[in-house]
2 protein chains.
Amino acid sequence: MGCVTATTGRGSGTRAPGNRAPRNRLSPDERRSQLLDLGVRLLATRSLDELSIDLLAEEAGISRGLLYHYFGNKHAFHEAVVRRAADDLIAQTAPPVTGDPIERLLASVTAYVDYVVANYEGYLSLVKGAAGGNEAIRQIYDDARNALTDRIFREDAQGQIIEDTPAARLLMRGWGAMTEDLVLSWLVDPTGVTREELLAMMAQSLPALGSILPQPSVVEH
Amino acid sequence: MGCVTATTGRGSGTRAPGNRAPRNRLSPDERRSQLLDLGVRLLATRSLDELSIDLLAEEAGISRGLLYHYFGNKHAFHEAVVRRAADDLIAQTAPPVTGDPIERLLASVTAYVDYVVANYEGYLSLVKGAAGGNEAIRQIYDDARNALTDRIFREDAQGQIIEDTPAARLLMRGWGAMTEDLVLSWLVDPTGVTREELLAMMAQSLPALGSILPQPSVVEH
């Protein structure tokens, strides 16, 4: 969920100069996790190329050397941040546990749009990195898209909206590509389309697409 | 339509050794156009990075210097080839002039799938280059997508399938992103989905999406 609690080197009024005790209470895993959250927060408003070890070191108030200790190198650092960002996206777009299927879907796409708006630069970096030939980023992106597609069928286990078939999986993956294109295109030029209309299109398109698939009781043409 | 007539430096049985007369009958524009067609044909089975001036020179049987004369530099050459490829895509996916709207749509998406199958590497290069930060390629890609979206509304000028509104334009652009994802995902893993099922999904999804938009006679919610 990107709950960032890492203290930074600037404006941290709760820490006495030279007193590093609060930081040292964290385990290395906790500290690494905090740094990833900070990385995700920094990535929200800048591209991956702009997210350097130097910037993270400055924002976290720790040395570059310590960051290399935690992440190895810049590529590994970028991958870890992007994987955390993808995990955040998956967590934040989880639909409510109960409710009408379409209402739950609407809640999920609303969270998705909110996420992309709040993390625009980083999200664009993920999309660009995945398509642009960065193999590690592409793998993270694909994993996230597969997880989101899997969730459609897991959440709709009774097949109320769509039956689980290879064709349905392909189509729902395509729906994911469409929703991504919708929100990114809308953010570039929202003229004539309200946020509510965008959300309605995203939610209603899923069952509309489901309706073109062969239904369980119908023999395939 | 990518009608390639350029003779190549290899296996060209119609040209006597040292006889360059047939080439010289072409105007510079015609010759440049032939070279672009050859570039598109070469791009079909390799990425843009693999399409070098050297390769084109070898395949066309002319000097690198002459190619630089025609195209200026490698980037300009790549842009010209990609623009030609995008023009080919638009031309090849033009629906038949007459017929039932859905039949015409099916013919168009069939041509699109055929195009992507026949020009897989080059098409992937276009998608990757556009998303990956190559600004010139992104512009060509966007122009092509806009042309394809425009065509939906031009071909359906009577609004038989979908009315022309900002929301409908956004959604049809999203449909384009979905169809691209469908064909590229299907080519990576076609398990359980026949070509006919893929084509049916692509064609039927458009009116299905159109049905979720506010209808002309209905007051907006």
Side-chain angles (χ1 to χ4, degrees), chain A residues 47-49 124-134 137-138 141-142 145-146 149 165-186 188-194 196-198 200-214 220-221, chain B residues 47-49 124-134 137-138 141-142 145-146 149 165-186 188-194 196-198 200-214 220-221:
Chain A
S47 74
L48 208 49
D49 286 343
L124 214 53
S125 256
L126 172 64
V127 173
K128 284 184 178 181
N134 182 324
I137 302 295
R138 191 198 58 72
Y141 177 79
D142 277 357
R145 287 202 49 196
N146 288 337
T149 304
T165 66
R169 292 237 162 206
L170 185 68
L171 189 58
M172 286 302 102
R173 197 191 135 89
W175 175 78
M178 184 179 75
T179 57
E180 181 179 284
D181 191 74
L182 287 176
V183 66
L184 292 177
S185 298
W186 182 74
V188 169
D189 180 13
T191 311
V193 183
T194 67
E196 285 61 42
E197 286 170 336
L198 173 74
M201 278 199 281
M202 291 169 74
Q204 293 170 12
S205 56
L206 193 154
L209 291 172
S211 73
I212 69 170
L213 293 166
E220 274 189 57
H221 59 277
Chain B
S47 73
L48 208 50
D49 286 342
L124 214 54
S125 256
L126 172 63
V127 173
K128 284 185 177 181
N134 182 324
I137 303 296
R138 192 198 58 72
Y141 177 79
D142 277 357
R145 287 200 51 194
N146 288 337
T149 304
T165 67
R169 292 237 162 206
L170 185 68
L171 189 58
M172 286 302 102
R173 198 191 134 88
W175 174 79
M178 185 179 75
T179 56
E180 181 178 284
D181 191 74
L182 286 176
V183 67
L184 292 178
S185 298
W186 181 75
V188 169
D189 179 13
T191 311
V193 183
T194 67
E196 286 62 41
E197 286 170 335
L198 174 74
M201 277 199 282
M202 291 169 74
Q204 294 171 11
S205 56
L206 194 154
L209 291 172
S211 72
I212 69 170
L213 294 167
E220 272 190 56
H221 59 279

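- Within the 3.5 Å criterion, the main-chain N or O of B:M178 finds no donor-acceptor partner in the side chain of A:W175.
- When each of B:G129, B:G174, B:P207 is scored by its heavy-atom pairs under 4.5 Å with chain A, the top score falls to B:G174.
- When heavy atoms are compared at a cutoff of 4.5 Å, B:T191 approaches chain A solely by way of its backbone atoms N, CA, C and O.
- Between chain A and the options B:S47, B:S185, B:P190, the largest number of non-hydrogen pairs under 4.5 Å is found for B:S185.
- Between A:R145 and B:D181, at least one side-chain N (NZ, or NE/NH1/NH2) sits under 4.0 Å from a carboxylate O, which counts as a salt bridge.
- Taking 4.5 Å as the limit, some side-chain heavy atom of A:M201 sits within range of a side-chain heavy atom of B:L213.
- Atom-to-atom distance recorded for B:R173:CZ and B:T149:OG1 is 6.5 Å, nearest 0.5 angstrom.
- Taking A:L171, A:D189, A:L170 one by one and counting their heavy-atom pairs under 4.5 Å with chain B, the maximum is reached by A:L170.
- Between A:K128 and A:I137 the shortest side-chain heavy-atom distance does not fall below 4.5 Å.
- With chain B as partner, the option from A:N134, A:L198, A:V193, A:T194 having the largest number of non-hydrogen pairs under 4.5 angstrom is A:V193.
- Neither the backbone nor the side chain of B:L124 comes within contact range of chain A; no heavy atom of the residue lies under 4.5 Å from a heavy atom of that chain.
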